[in-house]
Every structure is written in structure tokens, then in C-alpha cells.
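Here is the naming used below: chain letters follow the sequence lines, and residue numbers restart at 1 for every chain.
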Amino acid sequence: MLDIEDLTSWLPREVVELYQKEGIRELYPPQAEAVERGLLEGKNLLISVPTAAGKTMLAELAMLKAALNGGRSLYIVPLRALASEKQAAFSRFSDLGIKVGLSSGDMERRDEYLGRNHIIVATSEKADSLIRNGAQWIRDLSVLVVDEIHLLDSTNRGPTLEMTITKLLRINPNMQVLGLSATVANAREVASWLSSDLVESRWRPVELKEGVICNGELHFPGETVSIPSRRDDLVDLVEDTMNQGGQILIFESSRRNAEATAAKLARVVSKRTEKTRQGLDLGQNEGQRKKQGRVQESLLSEKVLATGESETGKKLAECVKSGVAFHHAGLLSEQRAIVERGFRSGEIRAIASTPTLAAGLNLPARRVLIKSYKRYEGARGMVAIPVMEYRQMAGRAGRPGLDPRGESFLMAKNDAETRDLLDHYVHGEPEEIFSKLAMEPALRTHLLSTMATGFAKDAEELKRFVDSTFYAHQQDAWHLDATIETVLDFLIESQMIEPDLRPTPLGALVSRLYIDPLTARIVVDNLRSKETTKITDLTLLHLITMTPDMDTLYVQASDGWVEEFIDQHYGEFCNEDNYDWMMREAKTAALLLEWIGEAEEEKIADRFRVGPGDIRRVAETAEWLMHSAGRLSEHLELGATFRIYQLEKRIHFGAGPDLLSLLDLKGVGRVRARKLHRAGYRSLDDLKGADVAEIAEVVGPRIAEKLMAQLRSGAG
DNA sequence: TAGCCAAAATTATAGACAGCATGTC
DNA sequence: CTATAATTTTGGCTA
């Protein structure tokens with residue numbers, strides 16, 4: 001055991017005191033090991049320990065040490081939400097004079113300004129983008145922290161993480177690297193790639209009991225316990241948890257199941273609210289608890305309703321009234337935040353969730369129930385999840401300092417399945433992780449950026465660069481080499497790099513826009529081939545839905561109208577050979593068309609059978625791609641530039657073409673712009689000539705005043 | 001022939017990063 | 001192309 005006092009050998013007393021004030025007296029064993037291995041002496045470390053075993057604090061110590069010596073640290077996370085969480089946490093060091101910056105796609109300060117911070121938190125894509133756009137400060141890092149580094153294994157986003165790390169290592173040869181990882185079978189391999197020592201441990205601050213629940217019995221390794229009353233395993237376990245004053249997270253494999261389970265629990269639980277609420281572990285006396293419980297409960301469901309009148313929102317509000325919720329990506333981020341806050345405060349006692357909550361925020365519960373350990377994977381049907389993901393979910397059980405221990409259960413139907421699950425998950429070892437860099441889409445993007453950013457000038461340098469990746473470190477390179485050939489040919493043919501591999505201006509632009517080169521190719525080819533006069537809004541919307549950067553909507557059997565839609569607008573669509581894709585693209589484009597036609601979100605959600613969160617996500621992606629298409633059109637003078645930028649703006653606001661000029665005003669979005677338009681104010685000039693009182697009739701006095709001020713200063 | 005129940009057929013299926021330049025109701 | 005669970009439709013049977 002290492003006392004926190006002992007850290008004064010490396011760090012100033014004020015740092016140590018800060019942690020003491022937070023109640024920390026000694027380091028956890030894995031933390032002590034990291035310090036002994038040279039964490040505070042600049043050593044590279046890969047720390048592979050369970051959730052909540054104090055990884056973040058280790059990163060903090062290393063970053064603080066660097067900051068107090070005038071150094072700069074970059075902390076890479078996989079999710080935007082995690083980035084803001086970390087930034088908020090690190091901001092408590094401001095008393096020590098330490099500045100923290102945040103950089104992610106939706107939260108941006110000027111790149112160079114960012115460099116004035118001691119600690120910068122960024123998503124891996126944003127870090128990559130900062131390198132591509134030539135931020136200077138990123139060439140002077142003392143410490144690099146990579147959170148959840150096991151995501152190197154992810155098909156989607158692993159390659160970006162891998163390339164970003166590789167590039168950062170290249171430009172900062174003396175930087176200390178800290179990899180934070182879940183437990184994986186081949187942590188040593190990752191450690192060796194990073195030239196780092198490995199700190200590996202199974203230690204947890206709260207004991208975790210893992211088991212399987214089946215027909216009223218809890219099977220732990222070597223022990224079986226019955227739970228009271230035998231009707232329905234799910235309901236029994238939830239009630240038992242609540243009777244103990246605990247909270248429970250339930251993992252489901254689909255949104256529908258998550259919603260159905262939450263609704264079911266809400267029905268059962270509401271019958272016995274009073275009794276359960278008394279058990280809640282909120283650290284208040286009983287009277288306070290009852291009162292607050294009621295008041296906040298209704299506040300919470302009202303808050304949900306205030307986020308929108310969608311079907312999803314109503315369902316959620318109904319559940320929340322009973323202290324239950326569901327959680328998935330179809331929710332608005334505001335709705336998710338309410339659910340998360342409600343759970344943390346204890347007002348929500350059970351959440352039925354898709355895997356959103358497994359990887360995301362720190363939201364522990366006393367118990368975890370993994371109702372479904374299988375997941376639908378397109379062509380492969382239902383597939384059992386990897387042990388690593390099971391651990392990720394199970395590890396959510398047990399709140400340090402609040403629960404005596406955590407318990408996590410897989411749900412089984414019979415004895416045979418129970419044995420299998422105990423064997424495979426509870427006793428099983430996590431899998432190895434493998435670099436996914438050799439996938440063609442990943443290489444398309446990253447080879448271009450490697451050339452465009454000057455990490456390699458010719459084939460030989462490229463080879464050397466690729467040799468320093470985790471892929472080359474781990475696997476035989478022949479497959480990689482073959483794919484590289486294919487991809488380079490594509491990039492040359494698309495005129496993004498010269499035959500000698502030097503980037504063209506087009507290639508440089510594509511790299512900075514952070515789009516897949518194939519996206520750029522599709523946009524350029526289609527804009528070139530389509531006669532300008534025949535291009536409609538729908539043409540442009542369809543164009544961006546065709547690109548690999550757009551996640552198209554799923555077409556269901558009940559979406560028969562899509563075929564009609566395609567027939568009706570046949571001439572407006574771009575060429576698409578694959579009819580299945582065409583349906584998905586057309587459906588997605590149709591959603592966007594309704595969005596810019598000012599349809600209410602509720603109607604869109606209903607017609608397309610998506611959640612409100614999906615609408616925003618599609619619109620957000622479309623806006624980014626439309627912007628990129630505009631830049632491409634501008635660069636190559638393809639003739640549609642102005643119309644594309646107008647469309648980008650309409651996608652941003654979800655507004656019709658006649659509102660474009662009104663939207664330039666601050667404080668005016670799709671709703672107020674439409675109100676003004678209906679009242680006869682169709683342009684800024686109309687407004688300038690008007691009386692404040694008249695405008696106040698339409699949008700209220702406060703806004704009207706604000707608008708007039710803008711108009712006076714804007715047009716003189 | 002309405003009404004009920006069980007068997008068969010049908011249906012649907014997780015998540016979320018990036019550009020740019022600042023503020024919807 | 002590989003699965004599963006929830007939902008809907010169909011079909012068999014009874015009264």
C-alpha cells in the first residue's frame with residue numbers, strides 16, 4: 001500500500017492535499033504499482049484494470065506533474081459525452097492554475113487557442129482532425145493519455161485511434177504515453193507496441209459477484225441462492241433489489257425490448273411505490289425523502305415532456321413517473337441526460353438500456369441484469385457478445401463507497417444455458433484484440449491523410465510509417481500491403497494523390513474535411529454527370545445519403561411507400577445500382593426532405609419509425625456532408641455550390657427556402673422565422689421598415705428588441 | 001357462425017465520430 | 001446466408 005502522502009516525493013504538496021480533501025488516503029494497489037513502475041518519472045505505461053479501479057486518477061497525476069512543469073497533455077476519449085465529463089472533472093484543478101480545454105465535434109474553441117491549456121481533452125477523431133489541420137501545439141506534448149485503448153479492436157473507429165496514436169508518437173518522440181485499457185488477453189502486445197510497461201490487475205474497489213439467474217435461482221460459482229417469490233425472474237430480481245434500497249441496470253439487445261421492459265416494470269413498480277421509496281438509499285431522513293421523492297418525480301417526468309412531444313418522450317415520461325426509465329440512442333441527448341441524472345440522484349431506480357450505457361458514462365448501480373447477451377449482427381444473425389463486452393456491462397455493478405458489493409447476472413432459460421453462461425462469461429477470459437487497420441475503408445481515409453499531412457512523402461516513407469502501426473507490430477503485413485495497393489490506386493485514380501503519392505489540392509481538402517475519400521468521389525462524380533438544371537433539393541439530399549459517411553435508415557416491411565416515392569421522383573435521384581441500398585437512401589433522403597420542409601419532429605418520428613434522437617443525428621450528419629459537398633463543388637467549380645450551401649443552412653435549421661434570409665438573425669430559428677414570415681416579414685428589409693411593437697406582436701417584446709438591435713447595427 | 005386459443009407466419013433488429021462558426025423554443 | 005423474440009395472422013375447434 002502506498003500512502004497518498006508519499007506522492008510528495010514527486011508532486012507538490014498542494015496536489016496531494018487536493019486529493020486528501022477528496023477523502024483519498026492511500027492509493028489502490030494497481031495505482032501504487034503504476035507509481036512504482038515510474039508513472040511520475042515519465043515512463044510509458046499500459047494500465048489494464050477493471051472499471052473504477054482508479055485509472056483516471058493515474059492519468060491525472062501524470063498530467064498534473066507535466067502541467068506544473070509547464071508541459072501540455074492530451075487526453076483522448078472515445079465519446080463526446082465522455083470528453084465533457086472528463087473536462088468537467090479536470091476543471092477542479094483550476095485552483096492549481098491548471099487550464100483545461102475541450103475539443104470535440106460539437107464543442108469547439110479555436111484550435112490554436114486550445115494550445116494555451118495544460119490539459120486538452122479530445123475524441124480520437126478530433127485529435128486526428130487537429131493533426132490534419134495543422135494545429136501547432138499538438139507537436140509539443142509531454143503526456144498522451146489514451147482512454148479505453150482496447151477500442152483499437154473496433155472495426156469502425158479502431159483504425160482512427162491507431163493512426164492518431166501512431167502519428168502523435170511520431171511527432172512527439174519524447175512524450176510519455178499512458179494507455180488505459182479494460183482487461184484484454186493480449187495487453188502485453190499493446191504495451192510492447194507503445195514501448196511501455198504493463199500494469200495488469202483484476203483488483204476492484206468494490207467486490208463484484210457475478211452469476212446467472214434462471215427460474216428463481218441465482219447461480220454463483222459454487223453456490224446457488226433462491227430469490228423470494230417465483231413468478232418472473234426479471235420482476236422478482238428488480239423488486240428484490242429495490243426492497244434492499246438498491247438500483248438496477250438492465251441490458252437489452254434492442255430498443256424495443258428496452259422500452260417494453262421499462263414499461264412492464266413501470267406497471268409493476270408503481271403499485272408499490274410507497275414501500276420502495278422508503279428503502280431508497282438517499283442519505284436523507286424519511287420525511288424529506290417522501291416529500292422530495294414526489295416533487296422531483298413529477299418534475300422529472302415534466303422535464304422529459306418538455307424535451308418534445310414525441311411518442312418516445314411520452315412513453316419515457318410515463319415510465320419516469322414510476323421511477324423507471326429506458327435508455328437508447330433514439331432518445332434526444334437531453335432526454336438521456338435527464339435519465340442519467342435521475343438515476344444518479346436515486347429518483348430513477350431501474351433503467352432498461354441498450355448497450356449505450358455499457359460503454360458510455362460512469363453510471364454504476366448495485367445490480368446489473370444482462371437480459372440478453374446476444375446481439376443481432378446483420379448477416380450473422382444473433383451473435384453472443386464478446387467476453388470483453390460482458391465485463392463492460394457487469395462492471396457497472398457496485399458503486400464505490402455506496403454499495404457493500406455489486407452483483408451482476410446473466411439471464412438463462414434452462415440449466416444447460418446456465419452452465420454455458422457461467423463457463424463462458426463468468427469464468428471466461430476476455431478475448432485478444434486485433435488491429436482493424438487493414439480494412440479498406442479505414443485505409444482509404446488514413447492513407448490519404450498520411451500523405452496529405454506530410455507523414456510520408458513517397459512509397460518508401462509510407463512503408464516505414466505503416467510499419468510503426470499496431471497492425472504491423474501485431475500481424476503479418478501481407479494483407480495490409482495488398483489493401484494498401486488497392487487503396488493507393490483508388491486515390492490516384494480519384495486525383496487525390498499524384499502517381500508519386502504527393503497529395504493534390506483536392507486530396508488535401510478531402511483530408512481536412514475529414515470525409516471518406518469515397519464520399520468525395522461519389523459527390524464529385526455525380527455532380528459532374530448530372531445536368532445542373534436537373535438538380536433538385538432531393539437530388540442533393542440523395543447524393544449525400546449515397547456516401548459511406550452517411551448511416552442510412554433501415555427499411556422495414558411497413559415502408560412500402562418508399563418504392564412509390566422512388567417512382568414518383570425517379571428523375572431526381574442519382575444513379576444507384578443496388579435497389580436495397582436505393583430504398584435505404586431514398587428513405588433517409590425523404591426524412592431530410594421533410595425536415596427541411598418544416599415537418600414536426602413528432603410526425604417525422606412517427607412516419608419513419610425512428611426516435612427523435614435519430615432525426616437529429618441524421619440531420620447533423622447530413623449538414624456536415626452537405627457542407628463538405630459544397631466545399632468540393634466550390635473547389636472544383638462544379639456549379640452547384642451556392643445551392644448546396646443554401647441547403648446546408650436549411651438542414652441546419654430544418655427550414656424552408658423562403659426563410660433563408662430571416663435565419664441570419666440571432667435568436668431566430670425555424671419556428672420564429674416561420675412566424676415572422678407568416679406575419680408578412682419576408683426579408684430583413686421588411687423587418688427594418690417595421691415597428692418594434694408590430695414585431696413584438698409576433699415574437700414577443702424581448703426577442704423583437706433583440707432583432708431591432710441587430711438590424712440597426714447590421715445594415716447601418 | 002361467432003368466439004377462443006394455439007400454432008404458424010411475419011416482422012424487426014446497438015451505437016455514434018467528423019466541418020464550421022456560434023446561439024432554437 | 002447463419003437467430004430470436006415479439007407481434008400478428010391464420011386455422012382449428014367448440015358452443
Detail all sub-3.5 Å separations between protein N/O atoms and N/O atoms belonging to nucleotides 8-12 of chain B.
residue : atom : partner : partner atom : Å
dA12(B) : OP1  : S558(A) : OG           : 3.3
dA12(B) : OP2  : A557(A) : N            : 2.6

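Contacts of S129(A) classified as side chain to side chain donor-acceptor pair (under 3.5 Å), with partners at least two apart in sequence or in another chain: N133(A). E440(A) meets the side chain to side chain contact (heavy atoms under 4.5 Å, CB included) test with R444(A), T483(A), T486(A), V487(A); sequence neighbours excluded. L234(A) is linked by a side chain to side chain contact (heavy atoms under 4.5 Å, CB included) to D232(A), V238(A), I250(A), T261(A), K264(A), L265(A), L369(A), K371(A), M411(A), counting only residues two or more places apart in sequence or in another chain. By the ring-ring contact (aromatic ring centres under 6.0 Å, His included) test, F455(A) is found to be paired with F465(A), residues two or more places apart in sequence or in another chain being considered. Judged as a side chain to side chain donor-acceptor pair (under 3.5 Å), and not counting sequence neighbours, the contacts of T160(A) are H446(A). Qualifying side chain to side chain contact (heavy atoms under 4.5 Å, CB included) partners for A557(A), counting only residues two or more places apart in sequence or in other chains: none. Residues passing the side chain to side chain donor-acceptor pair (under 3.5 Å) test with R116(A): none are found, sequence neighbours excluded. Residues satisfying the salt bridge (Lys or Arg N to Asp or Glu O under 4.0 Å) criterion with R512(A), sequence neighbours excluded, are absent altogether. In this view, R631(A) satisfies the side chain to side chain donor-acceptor pair (under 3.5 Å) rule with no residue, not counting sequence neighbours.
Between the base of dC17(B) and the side chain of D551(A) there is a donor-acceptor pair shorter than 3.5 Å. Counting distance only, with no hydrogens placed and no angle test, the side-chain atoms of E620(A) and the base atoms of dG19(B) include no donor-acceptor pair under 3.5 Å.
Here V668(A) lies in heavy-atom contact (under 4.0 Å) with sugar-phosphate atoms only.
Near DNA chain B, meaning a heavy atom under 4.0 Å away, there are no residues from residues 515-524 of chain A.
Nucleotide dG23(B) has no partner under the Watson-Crick or G-U criteria, as no pair reaches both atom distances under 3.5 Å. As the counterpart of dA18(B), no nucleotide is assigned, since no Watson-Crick or G-U wobble pattern has both distances under 3.5 Å.
Proximity of T354(A) to the phosphate of dG15(B): a side-chain N or O atom is located under 4.0 Å from OP1 or OP2.
Tested against I522(A) for a side-chain contact (heavy atoms from CB on, under 4.5 Å), the candidates V524(A), L518(A), T519(A) yield a single pass: L518(A).
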task: Would you write the dot-bracket representation of DNA chain C, where each base gets (, ), [, ], | or . depending on whether it forms a Watson-Crick or G-U pair under 3.5 Å and with which partner?
output: ..|||||||||||||
